[in-house]
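Numbers restart at 1 for each chain; the letters A, B, ... are given by sequence-line order, proteins then strands.
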Amino acid sequence: MSTGRVIAQVDCNAFYCSCEAVFEPRLWTMPLVVLSNNDGVVIALNTAAKALGIKRGESFFKVSRLIKTAGLQVRSSNYALYGDMSARVMATLKTLSPTVEIYSIDEAFLCLSAIPEASRTEYARHICATVRQFMGIPLSLGIAKTKTLAKAANYFAKQYPQLDGVLDLTGSAQQQEFLQALPVSSVWGIGPRWGQVLADEGVDNALKLRDLSDFWVRKRLGVVGLRTVLELRGMSCLPLEQCPRPRKSVCVSRSFGRPVQQLTELKEAVATFTAKAATKLRREHLATGALTVFVRSSKFKENFFSASANCRLLTASNYTPTLLKHSLALVDKLWRKDVKFAKAGILLTRLTDENTLQLNLFGKWDLSDDRPTKLMRAIDKSNLFYQQGRLRFAAEGMQRGWQTRAQYRSNRWTTCWEELPVVRV
DNA sequence: TCTGGGGTCCTAGGACCC
DNA sequence: TCTGGGGTCCTAGGACCC
């Protein structure tokens, strides 16, 4: 189990906010929040915004008054920008460590086993400084023998300015004190639900969690919880994964900018999500074998309605027209004329490699016909060059009054020709 | 007026098989 | 009187992550 490895967990500080500030430097010193899709809730906030008492997950309409009263800056989420910045940060990290596991858009685990202990902190600071210099993005870095402990170290690296963004917990004499200071619900793997279960048991910090009996943990928190506890004890249960595991599902869903009460509109929306999901499949050379469409009304209104319908494909596919045919048929099944739809989405499962399709005995095949593949390739190429969605299927609609709100979106500074930064006019 | 989206893994329970 | 046991596969729901 234990590999004797030294693991560093890197994450970008307030990543979405930092991405915005790189291209608009005045934002570094102003309170800034980035909103979720549909400008619904706060999903990222910088230190100055935290100082105003704003919390992650808070509804935007509850904090919007701060725009006027406290100079709060607001941006709609701009995933084209964040995704591209993330790719650049990860590429840089890969030049600084032989093993990099990209964990999320703003986090990675690195292997630092080869760095002598004495110079480890210095090297970690070099990593932070390099990314800061190349991308303008500030990082913090926690080092330990397991992923869970590295996450804990990073918690403090962020917390205490005197650490300068780096904490090495490996063999630290103060490991106990740090774990004692770490609230149990801030332990990686302990969410709100288990946090409450533990609190009820009087377990309020990571040290107490670490010292619980295996039996109790296994019974109440399952094998997942037990892994977390073992990791806190320094036993590595979650290895560094160098190759990303194959994806098992693709989901595209959105809340609507306003309630949808027309079947044609709901179909346009689901067609748009389907086309987007199909593009994603093709980009990763996957095909889907099953398709679920789900719809719901607002969670916050009376007569909450939620439903889903699914179907299996005879043969897996990533051809947009085929997927559209199925998803639109499912919308017909789910349609209710008395419901104000607030959100819809599509989930693709049973994914397989597009090059190793299992054909069906009862299907009709003309394997020599490569026109569908060529058509999709041409559309994808064009959309990649110009802009996603510029070339689309008629089913996706023209007016699209249901579209998600994004009132405060910044430019796609790095991925869109029309929106590149202008240095001099 | 307004309340996110995209993932993973585990578990329990039912259907089905021999 | 007495009604098995072990296994797999699938799905839905619940927990977690960012």
Practice problem: Take the protein atom CZ of A/Arg218 and the nucleotide atom P of B/dC10, then report the distance between them rounded to whole Å. | Solution: 10 Å
Self-check item: Gap between atoms CD1 and C1', on A/Ile67 and B/dC2 respectively (whole Å)
Solution: 12 Å
Practice problem: Mark up nucleotides 13-18 of chain C, 5' to 3', with B wherever a protein heavy atom is under 4.0 angstrom from a base atom, S wherever such an atom reaches only the sugar-phosphate, and - elsewhere. | Solution: --SSSS
Self-check item: Contact check, side chains of A/Phe15 and A/Ser86, non-hydrogen atoms, under 4.5 Å
Solution: yes
Quiz prompt | Of A/Ser249 and A/Thr404, the one whose closest DNA chain B nucleotide lies more 5' | solution = A/Thr404
Quiz item: Should the pair A/Arg132 and A/Trp28 be classed as cation-pi, given the thresholds of under 6.0 Å to the six-membered ring centre and 45° from the axis?
Solution: yes
Quiz item: Is A/Arg296 touching bases, backbone alone, or none of the nucleic acid, heavy atoms closer than 4.0 Å?
Solution: nothing
Self-check item: Atom-pair distance (CG on A/Leu351; C1' on B/dT8), nearest Å
Solution: 13 Å
Quiz item: Does a side-chain N or O from A/Lys343 land closer than 4.0 Å to OP1 or OP2 of B/dG5, or not?
Solution: yes
Quiz prompt | Minimum side-chain heavy-atom gap A/Val63-A/Leu52 below 4.5 Å | solution = no
Exercise. Name the residue closer to the 5' end of DNA chain B, choosing between A/Gly222 and A/Phe60 according to the nucleotide with the nearest heavy atom.
Key: A/Phe60
Self-check item: Min side-chain heavy-atom separation A/Arg247-A/Glu284 under 4.5 Å
Solution: yes
Quiz item: Between B/dT1 and A/Arg405, is there an OP1 or OP2 to side-chain N/O distance shorter than 4.0 Å?
Solution: no
Exercise. Start with the C-alpha gap between A/Phe109 and A/Glu241, add the side-chain angles, then the distance that decides, and say whether side chain to side chain contact (heavy atoms under 4.5 Å, CB included) holds.
Key: CA-CA 9 Å; A/Phe109 291 98; A/Glu241 299 192 24; over 6 Å; no
Exercise. Under 4.0 Å between any heavy atoms, over every strand shown, what does A/Val224 touch: base, sugar-phosphate, or nothing? Just pick one.
Key: sugar-phosphate
Quiz item: Centres of the A/Tyr103 and A/Trp188 rings: under 6.0 Å?
Solution: yes
Quiz item: Please, what dot-bracket string fits DNA chain C when only Watson-Crick and G-U pairs with both distances under 3.5 Å count, crossing ones use [ ] and pairs to another strand use |?
Solution: ....||||||||||||||
Practice problem: Can you figure out which of B/dT3, B/dC10, B/dG6 approaches the side chain of A/Val223 most closely? | Solution: B/dC10
Quiz prompt | Phosphate-side-chain proximity, A/Lys280 and B/dG7, N/O vs OP1/OP2 below 4.0 Å | solution = yes
Practice problem: Check for a donor-acceptor pair, side chain of A/Ser36 on one end and backbone N or O of A/Asp39 on the other, with a separation under 3.5 Å. | Solution: no
Quiz item: Does any non-hydrogen side-chain atom of A/Leu281 lie less than 4.5 Å from one of A/Leu348?
Solution: yes
Quiz item: Under 5.5 Å between ring centres and under 30° between planes: does that hold for A/Phe300 against the base of B/dT3?
Solution: yes
Practice problem: Could you pull out all residues at least two apart from A/Gln407 that satisfy side chain to side chain donor-acceptor pair (under 3.5 Å)? | Solution: none
Practice problem: Send over the distance from A/Arg220 CZ to B/dT11 P, rounded to a whole Å. | Solution: 15 Å
Quiz item: Between A/Ser298 and B/dT3, does any side-chain N or O lie under 4.0 Å from OP1 or OP2?
Solution: no
Practice problem: Have a look at A/Lys301 and say if it touches a base, only the backbone sugar-phosphate, or nothing, with a 4.0 Å heavy-atom cut-off. | Solution: sugar-phosphate
Quiz item: What does A/Lys62 touch in the nucleic acid at a heavy-atom separation under 4.0 angstrom: a base, only the sugar-phosphate, or nothing?
Solution: nothing
Practice problem: Find the distance A/Leu347:CG to C/dT11:C1' and express it as a whole number of Å. | Solution: 13 Å
Quiz item: How long is the line joining CG of A/Asn310 and P of C/dT11, in whole Å?
Solution: 8 Å
Quiz item: Between A/Ser298 and A/Lys340, is any pair of side-chain heavy atoms under 4.5 Å apart?
Solution: no
Quiz item: Would one find a side-chain N or O of A/Ser253 under 4.0 angstrom from OP1 or OP2 of B/dG6?
Solution: yes
Quiz prompt | A/Asn38 vs B/dC2: side-chain N/O to OP1/OP2 distance below 4.0 Å | solution = no
Self-check item: Interatomic distance, A/Phe256 CZ vs B/dG5 C1' [rounded to whole Å]
Solution: 14 Å
Exercise. Would you mind classifying the nucleic acid contact of A/Arg247 as base, sugar-phosphate or nothing, using non-hydrogen atoms under 4.0 angstrom?
Key: sugar-phosphate
Quiz item: Taking atom C1' of B/dT8 as reference, at what distance in whole Å does atom CZ of A/Arg245 sit?
Solution: 9 Å
Exercise. For A/Ser77, answer base if it contacts any base atom (sugar-phosphate contacts may also be present), sugar-phosphate if it contacts only those atoms, and nothing otherwise; contact means non-hydrogen atoms under 4.0 Å.
Key: nothing
Quiz item: Yes or no on side chain to side chain contact (heavy atoms under 4.5 Å, CB included) for A/Thr146 and A/Met235, after CA distance, side-chain angles and deciding distance?
Solution: CA-CA 7 Å; A/Thr146 69; A/Met235 183 185 291; 5.7 Å; no
